[in-house]
Amino acid sequence: MKNISLDITKAAMFLEQGAVKAYETKVKEAQEALENGTCPGNDFLGWLHLPSSVTPEFIDEIQAVADTLREKCEVVVVAGIGGSYLGARAVIEALGNSFAWLVNDKKNPTIMFAGNNIGEDYLAELTDYLKDKKFGVINISKSGTTTETALTFRLLKKQCETQRGKEEAKDVIVAVTDACKGAARAAADKEGYKTFVIPDNVGGRFSVLTPVGLLPIACAGFDIKQLVAGAAAMEVACGKDVAFEENPAAIYAAVRNGLYARAGKKIEIMVNYQPKLHFMSEWWKQLYGESEGKDGKGIFPASCDFTTDLHSMGQWIQEGERTIFETVISVEETNNKLYFPEDEENLDGLNFLAGKRVDEVNKMAELGTRLAHVDGGVPNIRISVPALNEYYIGQLIYFFEIACGISGNILGVNPFNQPGVEAYKKNMFALLDKPGYEADSKAIKERLAKEA
Ligand SMILES: O=P(O)(O)OC[C@H]1O[C@H](O)[C@H](O)[C@@H](O)[C@@H]1O
């Protein structure tokens, strides 16, 4: 089996000679700190050796629950937000048919996602769609108290019980949450739902290889053993004793910190050329955004889907402020082959493409864009993924996680907390008169009255 690989030549050229290598000591220190548990946030390092510690028995346990849901449900709604949502969706979309919900062959349940917004139309339309469906729910929340997920679960639980009866509903509602705390745990214990525990020492955004991601991914019909095996292969390839030059996570962490600190590149755009990877970028944005964006520091993680966004964001990227760099996920071999046909009339003038594969055109678009953007002053990191399958997506996941841990330590932040996320929640609860927020409610209302 090959591994995913990294090409930084078109990024390192924006730094002075030896600048990437100059990070070797810092990278080593970060790796040691992670390994020895001496870095900030060291009570959240459970992800570090997670892939190699997932046992076949545990995979079987998750698979058995997934199989029950697969057997009893036409639709499985995955309720969760942030780290309790994005990883599962990223993997399911990367591996699935682009039109999964339309071509449903009844072999797999349709997977839907909710609890990740407070859109009234979204929830009304979802609950309406589910009215005549045999559906189940995976309720995912580490804290068990996240508003978006909790309010969605309340709606779905009631609807599931009404449609299937309380007894049957018990078989198709699963909770993935804290071992003891939170509303999701309380409901699960009271109702007798099957539950999986999110380990205390694995933060939400690092939790995709726990049941948070594995259960929905298995429900969708994908091979979670292979996903974990891929991640475990990267755990080896990115291990702390692998030489700096040979370690893709070390190099990625070094070059992005170099671009940020030494070349003024404050924004990293994660780029794909396969629309299926859209949610991999969304997952990556939370991973890096919450891990690094603090203490007035951090690369802003952005994303584009190419070639789509070349027709909207391409102008900015080519000629806008030179504060960006790109990290491209390049898929070497697609899963399908589609050839352009010859056309006698050639009205569209595309006969020069006849006999070529669609992916050949895509690859030339990728190469042409790389050259153009590099010429335009945009450093380019390329991550080559041999194919879109469970094994390589597992590799990609662990690669980004370990590189993030290293990178955040180089930056000098605690990569494993997210204190800033609480500010909006406090205001929202105060505005909604949540019990316990009385003083905040009074203060915020007075403030709004003054500002009016
Ligand atoms: O899993 P939960 O506790 O529901 O949290 C879901 C998400 O919401 C929070 O506000 C955090 O910023 C995220 O890091 C987290 O992944």
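Atoms within each ligand, like the ligands themselves, are counted from 1 in listed order. Please read these numbers as outputs of a predicted model, since none were measured by experiment.
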Quiz item: Considering only heavy atoms of Ser143, which atoms of ligand 1 have at least one such atom less than 4.0 Å away?
Solution: 2 (P), 3 (O), 4 (O)
Self-check item: Evaluation steps, salt bridge (charged side-chain N to carboxylate O under 4.0 Å, His left out), between Glu282 and Arg89
Solution: CA-CA 9 Å; Glu282 297 302 309; Arg89 186 158 193 180; over 6 Å; no
Quiz item: Does Glu390 pair with Lys225 as a salt bridge, N-O distance under 4.0 Å?
Solution: no
Practice problem: Could you check whether the rings of Phe399 and Tyr252 sit parallel, tilted or perpendicular, using 30° and 60° as the cut-offs? | Solution: tilted
Practice problem: Look at the aromatic rings of Trp47 and Tyr398 and report parallel, tilted or perpendicular, splitting at 30° and 60°. | Solution: tilted
Quiz item: Between Glu290, Gln418, Glu422, which one has a non-hydrogen atom sitting closest to atom 14 (O) of ligand 1?
Solution: Glu290
Quiz item: Of the options Lys158, Lys170, Arg185, Lys157, which is the one that meets Glu191 in a salt bridge (charged side-chain N to carboxylate O under 4.0 Å, His left out)?
Solution: Lys157
Quiz item: Which of the atoms in ligand 1, numbered in the order shown and given with their element, are less than 4.0 Å from a heavy-atom of Gly82?
Solution: 16 (O)
Quiz prompt | For atom 6 (C) of ligand 1, closest protein heavy-atom neighbour | solution = Ile81 O, 3.2 Å
Quiz item: Which is it for Lys26 and Asn257 under the side chain to side chain donor-acceptor pair (under 3.5 Å) test, yes or no, and what are the steps along the way?
Solution: CA-CA 11 Å; Lys26 282 191 173 173; Asn257 273 281; over 6 Å; no
Quiz prompt | Which of the ligand 1 atoms, numbered from 1, are nearer than 4.0 Å to a heavy atom of Val421 | solution = 10 (O), 12 (O)
Exercise. Determine, considering heavy atoms only, which of Gln286, Lys142, Arg205 sits nearest to atom 15 (C) of ligand 1.
Key: Gln286
Exercise. For atom 10 (O) of ligand 1, find the nearest protein heavy atom and state the residue, atom name and distance (0.1 Å precision).
Key: Lys425 NZ, 2.7 Å
Quiz item: Nearest to atom 1 (O) of ligand 1 by heavy atom, Gly204, Gly115, Ser84, Ala79: which?
Solution: Ser84
Exercise. Answer with yes or no whether Thr149 contacts ligand 1, where contact means a heavy atom under 4.0 Å from a ligand atom.
Key: no
Quiz item: Is a donor on one side and an acceptor on the other found under 3.5 Å between the side chain of Thr149 and the backbone of Gly115?
Solution: yes
Exercise. Please report which non-hydrogen protein atom sits nearest to atom 16 (O) of ligand 1, along with the residue it belongs to and the distance in Å to one decimal place.
Key: Gly83 N, 2.8 Å
Quiz item: At what distance is the nearest protein heavy atom to atom 5 (O) of ligand 1, and which residue and atom is it?
Solution: Thr146 OG1, 3.5 Å
Exercise. Output yes when a side-chain donor or acceptor of Arg70 lies under 3.5 Å from a complementary backbone atom of Cys219, and no otherwise.
Key: yes
